[in-house]
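Report on the following structure.
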Amino acid sequence: MKLLEGKTAIVTGASRGIGRGIALMFAQQGANVAFTYLSSVEKGQALEQELTAFGVKAKGYRSDAADFAAADKLVTDVVADFGTVDILVNNAGITRDNLLMRMNEQQWDEVINANLKSVFNLTKAVQKPMLKQRKGSIINMSSVVGVKGNAGQANYAASKAGIIGFSKSVALELGSRNIRCNVIAPGFIETEMTGALDQKVVEQWREGIPLKRGGTPEDIASATVFLASDMSGYITGQVLNVCGGMLT
Ligand code: NAP
């Protein structure tokens, strides 16, 4: 049985890393997938082909999740192209790391807009079609850093903690309409975002994780499929830490 058969999903930031892993597993599980990216046009086109090979409808959209009007237009376009939206995964995110002492206003604003405002933008836009059909599952990508903080990432941690408060509130507001909203807090997942780190630092990270390895995009995708599917039909307003035991 395919867990997402016949459902339509929007996945933001799917040209690489975790988002790409989610889009692929969604298609494998029978979902039609609308996905976005910011600048990776070629990677987006290649992913569209890969997803279609699973026998589902798939389309990539170049759309800035941090832009309110663009997010609204994206959802209008997806509903026109696919007919509906059942699942939203707010995955797009960036880092602009620096110690607070050196962090400038631009680094703060860029991260808050790309990571937190984007979640507001897209969630607000999918509200209408989801309310109309009286069902929906929204999954927001936070981070263990949003739960426990991290030196050098005050902007990123604030954006990811903000996602948790936002999601719990949305779960309370929309629960009576059968719209669920949950959060995934990934630990150390090995993607381009973490690829920029020093190899020595990466080794230290792996050693400190109870399961003794970094996570993969597939580890996060599996949890996302669960929260997107009817298997999690009685779960809303929760934070699922997918972190190899980093948070206990
Ligand atoms: P990544 O490899 O850097 O990929 C980020 C994706 O987001 C790319 O597809 C990028 O598109 C897209 N994107 C960035 N800004 C965007 C915007 N304004 N509008 C639309 N798309 C945008 O990152 P990742 O490691 O897969 O991380 C995915 C999510 O998981 C992020 O929210 C991140 O904070 C979170 N997370 C990651 C880790 C980790 O260890 N990797 C841990 C905890 C949480 P382009 O290719 O076009 O730039």
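The first residue in the sequence is number 1, and the count goes up from there. As the structure is a computational prediction, the values presented were derived from the model and not from experiment. Numbering of ligands and ligand atoms starts at 1, following listing order.
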Ligand 1 contact on Ala185 by region, counting heavy-atom pairs under 4.0 Å: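 Neither part.
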query: If you measure from each non-hydrogen atom of Ile94 to ligand 1, which part falls under 4.0 Å: side chain, backbone, both or neither?
result: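 Side chain only.
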Counting non-hydrogen protein atoms only, what is the nearest one to [atom]? Give residue, atom name and distance.
{"atom": "atom 32 (O) of ligand 1", "value": "Asn91 O, 2.7 Å"}
{"atom": "atom 47 (O) of ligand 1", "value": "Ser39 N, 2.5 Å"}
{"atom": "atom 5 (C) of ligand 1", "value": "Gly93 O, 3.9 Å"}
{"atom": "atom 24 (P) of ligand 1", "value": "Thr191 OG1, 3.7 Å"}
{"atom": "atom 10 (C) of ligand 1", "value": "Arg16 NH2, 3.8 Å"}
{"atom": "atom 36 (N) of ligand 1", "value": "Tyr156 OH, 3.5 Å"}
{"atom": "atom 46 (O) of ligand 1", "value": "Ser40 OG, 2.4 Å"}
{"atom": "atom 18 (N) of ligand 1", "value": "Asp64 OD1, 2.8 Å"}

Give a yes/no on ligand 1: does [X] have at least one heavy atom closer than 4.0 angstrom to it?
{"X": "Pro217", "value": "no"}
{"X": "Gly187", "value": "yes"}
{"X": "Arg62", "value": "no"}

query: So with a 6.0 Å cut-off around CD1 of Ile235, is the heavy-atom count from everything else above 12?
result: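 Counting other residues, nucleotides and ligands, CD1 of Ile235 exceeds 12 neighbours.
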- prompt: So, Glu203 and Lys200, do they make that salt bridge, N to O below 4.0 Å?
  reply: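 Not counted as a salt bridge, because no side-chain N and carboxylate O are separated by less than 4.0 Å.
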field: Trp108: ring pair (Phe, Tyr, Trp, His ring centres under 6.0 Å) partners, not counting sequence neighbours
entry: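 Applying ring pair (Phe, Tyr, Trp, His ring centres under 6.0 Å) to Trp108 gives none.
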- prompt: Should the pair Lys57 and Phe82 be classed as cation-pi, given the thresholds of under 6.0 Å to the six-membered ring centre and 45° from the axis?
  reply: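 Cation-pi check for Lys57 and Phe82: passes.
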task: Pick whichever of Leu38, Ile18, Ile189 has a heavy atom sitting closest to atom 37 (C) of ligand 1.
output: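 Of the listed residues, Ile18 has the closest heavy atom.
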Thr216 side chain to Asp219 side chain, donor-acceptor N/O pair below 3.5 angstrom: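 Indeed, the side chains of Thr216 and Asp219 share at least one donor-acceptor pair under 3.5 Å.
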task: Using only heavy-atom distances, determine whether the side chains of Glu110 and Asn155 contain a donor-acceptor pair under 3.5 Å.
output: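 There is no such pair (donor and acceptor under 3.5 Å, judged by atom type) between the side chains of Glu110 and Asn155.
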Please identify which atoms of ligand 1 are closer than 4.0 Å to at least one heavy atom of [X].
{"X": "Thr194", "value": "39 (C), 40 (O), 41 (N)"}
{"X": "Ala65", "value": "17 (C), 18 (N), 19 (N), 20 (C)"}
{"X": "Ser63", "value": "19 (N), 20 (C)"}

Taking only distance into account, with no hydrogens and no angle test, what donor-acceptor pairs under 3.5 Å do side-chain atoms of residues 18-26 form with protein atoms, sequence neighbours excluded?
unit_1: Arg20; atom_1: NH1; unit_2: Glu50; atom_2: OE2; d: 3.1
unit_1: Arg20; atom_1: NH2; unit_2: Glu50; atom_2: OE1; d: 3.3
unit_1: Arg20; atom_1: NH2; unit_2: Glu50; atom_2: OE2; d: 3.3

